[in-house]
Amino acid sequence: MLPGREPNGRAAAASGLSRLLGTRTAWTPVGDGEFFCPGCGGDRNYQRLTGQRRFSLLGVPVLPRGATGPVVECAACRRHFGTDVLDHPTTTRFSAMLRDAVHTVALAVLAAGGTCSRAALETAVTAVRAAGFDDCTEDQLASLVDDLAADTGRFTGEPCAAGLAIELHEALDPLAPHLAAAGRESILLQGARIALADGPYTPAERDALATVGAALTICSDDVTRLLTAARTPS
């Protein structure tokens, strides 16, 4: 026997056996929707699939081996992913979450300021428009702050009330896991610039910004650092 002949023979035998025996999975669609496909790198349609594994003989399924899945199949690239990919928001949904977060932070800081000064309103409108509310105006924000004070039964300028803190967490908690540290800090700094537009931080503004930082999972030391940095002219 020539050297190396036996291993090659074993490989050929194994290859032949794999063609005779194997495992096949029959997939059944159980749902669909739109998701952010990590394979394509964009929003795509998907099917949610459950599978039934079977031993196969000559390519024909013969014996059940149990269930598998569920998985998510991209309609474009056909790759399969774990269902945890559905936790990642689509690009459209992420943009809406970010827009709402900036809007909520702006309202919270304006409400904490005690008075909606023209400078603070101008800074807030710039931030909110940049986030996606193109038609936002100063009058709209001022009216919303008044409505917020009436709904919560509190006066602007007081420490962040429980209702306002809940609104901040509702807007920021779902967004924070999908933002890099720089993105979370940027939202806090936008709020800080609104607060500083009409003078130094008030205690109520600091309290509101601390709530923003906590909702964005920024530690208290970093919140202090960022609020100090925001006061330093660039």
Side-chain angles (χ1 to χ4, degrees), residues 95-234:
S95 297
M97 292 167 66
L98 184 59
R99 183 184 65 225
D100 291 345
V102 172
H103 189 262
T104 303
V105 169
L107 288 178
V109 175
L110 289 173
T115 58
C116 283
S117 73
R118 185 59 57 187
L121 282 170
E122 288 176 352
T123 306
V125 166
T126 298
V128 172
R129 285 180 177 174
F133 283 111
D134 297 334
D135 57 352
C136 178
T137 67
E138 295 173 17
D139 289 342
Q140 287 175 351
L141 287 183
S143 178
L144 287 171
V145 171
D146 290 341
D147 291 343
L148 180 63
D151 289 342
T152 57
R154 60 185 288 269
F155 294 101
T156 55
E158 294 179 353
C160 194
L164 189 53
I166 290 173
E167 288 190 30
L168 284 169
H169 279 280
E170 286 179 345
L172 300 175
D173 285 354
L175 178 66
H178 307 293
L179 284 174
R184 289 181 276 118
E185 292 181 356
S186 176
I187 293 176
L188 178 62
L189 285 171
Q190 286 177 340
R193 294 185 188 106
I194 295 170
L196 291 169
D198 57 357
Y201 300 117
T202 66
E205 287 172 339
R206 281 190 173 276
D207 186 65
L209 291 168
T211 302
V212 171
L216 290 169
T217 66
I218 302 174
C219 71
S220 58
D221 287 346
D222 283 340
V223 169
T224 300
R225 172 180 61 81
L226 290 166
L227 296 190
T228 301
R231 291 187 305 181
T232 304
S234 55

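Values below: every heavy atom of this structure, side chains too, minus hydrogens, waters and symmetry copies.
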Could you check Leu110 against Ile194 for side-chain contact (heavy atoms from CB on, under 4.5 Å), going step by step and ending with a plain yes or no? CA-CA 7 Å; Leu110 289 173; Ile194 295 170; 3.9 Å; yes

Under the side-chain contact (heavy atoms from CB on, under 4.5 Å) criterion, do Leu141 and His103 qualify, and how do the steps go? CA-CA 9 Å; Leu141 287 183; His103 189 262; 3.9 Å; yes

Would you sort out whether Leu188 and Arg184 count as a side-chain contact (heavy atoms from CB on, under 4.5 Å), showing the intermediate values? CA-CA 7 Å; Leu188 178 62; Arg184 289 181 276 118; over 6 Å; no

Taking all non-hydrogen atoms of both residues into account, name the closest pair between [X] and [Y] and its distance.
X: Gln140; Y: Asp135; result: OE1-O, 3.4 Å
X: Ala215; Y: Asp173; result: O-OD1, 3.3 Å
X: Ala192; Y: Leu227; result: CB-CD2, 3.9 Å
X: Gly191; Y: Val105; result: CA-CG1, 3.9 Å
X: Ala195; Y: Leu209; result: CB-CD1, 4.2 Å
X: Val102; Y: Ala127; result: CG1-O, 3.7 Å

Counting only N and O atoms by type, is there a donor-acceptor contact under 3.5 Å from the side chain of [X] to the main-chain atoms of [Y]?
X: Ser186; Y: Ala182; answer: no
X: Ser143; Y: Asp139; answer: no
X: Glu205; Y: Thr202; answer: yes

Measuring from [X]:[atom1] to [Y]:[atom2], what's the distance to the nearest 0.5 Å?
X: Ile218; Y: Thr224; atom1: CD1; atom2: OG1; answer: 11.0 Å
X: Asp221; Y: Arg225; atom1: CG; atom2: CZ; answer: 9.5 Å
X: Ser95; Y: Asp100; atom1: OG; atom2: CG; answer: 11.0 Å
X: Leu216; Y: Glu185; atom1: CG; atom2: CD; answer: 10.0 Å
X: Arg193; Y: Thr126; atom1: CZ; atom2: OG1; answer: 11.5 Å
X: Met97; Y: Leu179; atom1: CE; atom2: CG; answer: 8.0 Å

From CA spacing to verdict: side-chain contact (heavy atoms from CB on, under 4.5 Å), Arg129, Val125: CA-CA 6 Å; Arg129 285 180 177 174; Val125 166; 3.4 Å; yes

Side chains of Ile187 and Leu98 in contact at under 4.5 Å (non-hydrogen atoms):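 SC-SC contact between Ile187 and Leu98 confirmed.
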
